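These notes concern the structure reproduced below.
Within every chain, numbering begins at 1; the chains are lettered A, B, ... in the order of the sequence lines, protein sequences first and strands thereafter. All of these numbers come straight from a predicted model, not from anything done at the bench. Atoms considered below: every heavy atom in the structure, side chains included; atoms not considered: hydrogens, waters and symmetry mates.
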2 protein chains.
Amino acid sequence: MKVYKAHIVFTKERQRFEVLENGYVAVDNGRVCAVAADLQSLGCPDAEVTDFGNRLLIPAMNDVHVHAAQYHNQGIAMDLELLPWLDNYTFPEESKFSDVDYAERIYRRFIHHLWRVGTMRATVFATIHTAGTRRLMELFGEAGMGALVGKVAMDRNSPATLSEPVGKAIEGMQQLAEAFADPDGLVRPIVTPRFIPTCTPDMLRACGEIARRYHLPVQSHLSENLSEVALVRELEPESRGYGDAYNRYGLFGQTPTVMAHCVWSDASERALMRQNGVMVAHCPTSNLNVSSGMAPVRTFLDEGIAVGLGSDISGGHDLSIFRMMVYAIQVSKMHYQRSDHAMAFLSLAEAFWMATKVGGSFFGKVGSFEQGYDFDALVIDDHDLYPDDYSILQRLERFIYLGDDRQIVHRFCRGREVVLPDQWRA
Amino acid sequence: MKVYKAHIVFTKERQRFEVLENGYVAVDNGRVCAVAADLQSLGCPDAEVTDFGNRLLIPAMNDVHVHAAQYHNQGIAMDLELLPWLDNYTFPEESKFSDVDYAERIYRRFIHHLWRVGTMRATVFATIHTAGTRRLMELFGEAGMGALVGKVAMDRNSPATLSEPVGKAIEGMQQLAEAFADPDGLVRPIVTPRFIPTCTPDMLRACGEIARRYHLPVQSHLSENLSEVALVRELEPESRGYGDAYNRYGLFGQTPTVMAHCVWSDASERALMRQNGVMVAHCPTSNLNVSSGMAPVRTFLDEGIAVGLGSDISGGHDLSIFRMMVYAIQVSKMHYQRSDHAMAFLSLAEAFWMATKVGGSFFGKVGSFEQGYDFDALVIDDHDLYPDDYSILQRLERFIYLGDDRQIVHRFCRGREVVLPDQWRA
């Protein structure tokens, strides 16, 4: 049993912050057992208290869509259109991950950067390479951080270096499923067809089967841009739409599913997402950088669809989920402006809730300080942001808008403090 | 004469970076006298060379629209609509600047933050208070940074604490104009009617007269949002539009003029801006945060209107002009997407050129390393961004997209290195 004292802020529900000024949280066996405004109410009179003083204690960040193998391309080639970007940067880079040593070097940097910005759980695309993907999973395990890691399935419309026959792809996925079989493990595989344009019906069907057989979650891309949506209609004429195509292959909520972008999901696709419990990975920076458009997040929320936040490196350029909150709010304000204020913009509490409790729900009971939740947490030392001049919530808002990794002074994942040495960046 | 060696990058023209790998720049009396790829071509054989090694040397940033007196509100109250934001946060905060001690404390923090993020020149709104505004100007002088500082004129639709009769306003402006009379000084006054809704015709007329009399530049807000544009039409029925209203009072290019936002400037307003040489201060973060809309920057550039970048704290939340480049590109990509790719998005070179050479032109010969330009420069040490893996331009792109003040290791304004101790942040 451990007890931490700090200014505790989290979101149980969508529109409201819970704030415990000088509050306490009790953690046992990695999980929150109680949170209270004072030590008496906490009900753990004999526990040793770690006092974080005038710092903030908040749930750690969850990134529900990111390409680990594109980390080396973060922040370059942003002037390119999608196709030359893929052909000249993304695919050549991903191809290098056939070399496990190269993969390890980049993946260590990537995990260290996630750690720096306070992301303790991530839903990750690796590449088609089984050995490299396995190395990434081992590295997350070594770091003590949570991840759902996808060996990527691709067998059409892809360069030869990034295509794999169905049998070999499935064999690799099985190996990973068996190597990381503990359903309560911090690191788990996730079935990852890249998206419908790069996967034959056979591949998609096999992905659906392996997800069902091992009860593995699923991730992919959905309705990111209009030409992609049109292409999928051509490729899947028997489906009623893009989401329905995944659905027909057992890849749309038959097991827990997160779909990145959903910028152009229409009403019938959204109805299927709600019905099947498919989560949206909203990636606002990527959507802006790649000129995809603005995802209708308010509509998703109003319709009861779960929305987490994703950095989508390297379409996105920023790995910080705090920065994603700001962008999510800004994009929602454009909808607000363009709808003549009919579509309310996201509040800070909503954005925070998406980044913590909603995104976290894809990993289990993660993203809140309610009883039974994994204690994934960050300690924020905002002494250089003039904390004495502001309320606790204003301090949090200023950290989210102005802060960076310098203010994150402790990081916990499932109760254990995670410390990564600088050598991971080498 | 001083010579600096580094990887030199700047933009002479809109679409192209000048790159001098291991290049040299010679500086005499604060101005660039030559830039060359090698020491022989530089033509200063006897000069002592300061070698910045594997670092980048770029022009410093210029912020052409920022409210120094809103610095304390940076990153708070972002969930509010414009009116409650003004009434409950902005106006009460600005009212505090009647206290010169308070003003000095916040202004020092503000200048230190500008310095940290590499902004060596800024076009600044202070408040109506002459003494506080003068203190801000003195502090910029003490720091050795360049600024055009505006005592703000307001005499209607404003709280009593932020209204001033025309006579008193003009008297204050005259005092400042006479105290900072050197036309080549780094710190100069700028005539600053807040915007038409808060200034009576008498005030606007008096502002135009004082600008002409002392040949002072002018700054204000223009066509930021649609309800403001409609209000100005009501208030100024004899004008053909918002810009024309300023023009009729001698505040629209009669002396060098920068107008913030211009989100909704129509064709006739833009024609007047081009004709009168009025610069746009494009403030993309502010426009998103305050739900104003997306300024048509590509249209401005195509029509020959100069566009610089502004942080617009505290409508904007980020003081970094590097971050403004990223946002400007992203907003332009939304125009690109919505125009079915008819409206080309901004390239990195264009955004850089706006932040340096265009914004800098409002301060004189500033923002380039061409001969005769003030040597305003930053040295970027990107060793923690894996410089060896990237080209010089990719390193610059990565610094702009991913970097922050940690990579800025030297800052020069008109040839002098500017160093501000941490006490400025107290």
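- Val331(B) does not touch chain A: none of its heavy atoms, backbone or side chain, sits under 4.5 Å away.
- With a threshold of 4.5 angstrom between heavy atoms, Leu348(B) approaches chain A through its backbone and through its side chain.
- For chain A, the nearby part of Leu346(B) is the backbone; its heavy atoms alone come within less than 4.5 Å.
- Proximity to chain A is limited to the side chain of Arg338(B), based on heavy atoms less than 4.5 angstrom apart.
- Rounding to the nearest 0.5 angstrom, the gap separating the CD atom in Gln330(B) from the OG atom in Ser286(A) is 10.0 Å.
- Closest heavy-atom contact between Glu397(A) and Asp79(B): OE2-N, 4.2 Å.
- Counting heavy atoms from C-beta outward, Met78(A) and Ile400(B) have side chains that stay 4.5 Å or more apart.
- Defined by atom type and a distance below 3.5 Å, a donor-acceptor pair is missing between the side-chain atoms of Tyr386(A) and Gln74(B).
- Here the straight-line distance linking atom CZ of Arg323(A) with atom CG of Asp318(B) works out to 7.0 Å at 0.5 Å rounding.
- Only the backbone of Ser292(B) has a heavy atom closer than 4.5 Å to any heavy atom of chain A.
- Both the backbone and the side chain of Asp384(B) come within contact range of chain A, with heavy atoms under 4.5 Å apart.
- To the nearest 0.5 Å, atom CD of residue Glu81(B) and atom OH of residue Tyr336(A) are 3.0 Å apart.
- A donor-acceptor contact shorter than 3.5 Å is absent between the side chain of Lys333(A) and the backbone of Ser291(B).
- For the set Gln394(A), Arg425(A), His72(A), Met294(A), the entry with the most heavy-atom pairs within less than 4.5 Å of chain B is His72(A).
- Using a 4.5 Å cut-off between heavy atoms, Leu402(A) contacts chain B through its side chain alone, with no backbone atom that close.
- Ring-plane geometry between Tyr327(A) and Tyr327(B) is classed as parallel, the angle between the planes falling under 30 degrees on a 0 to 90 degree scale with a further cut at 60.
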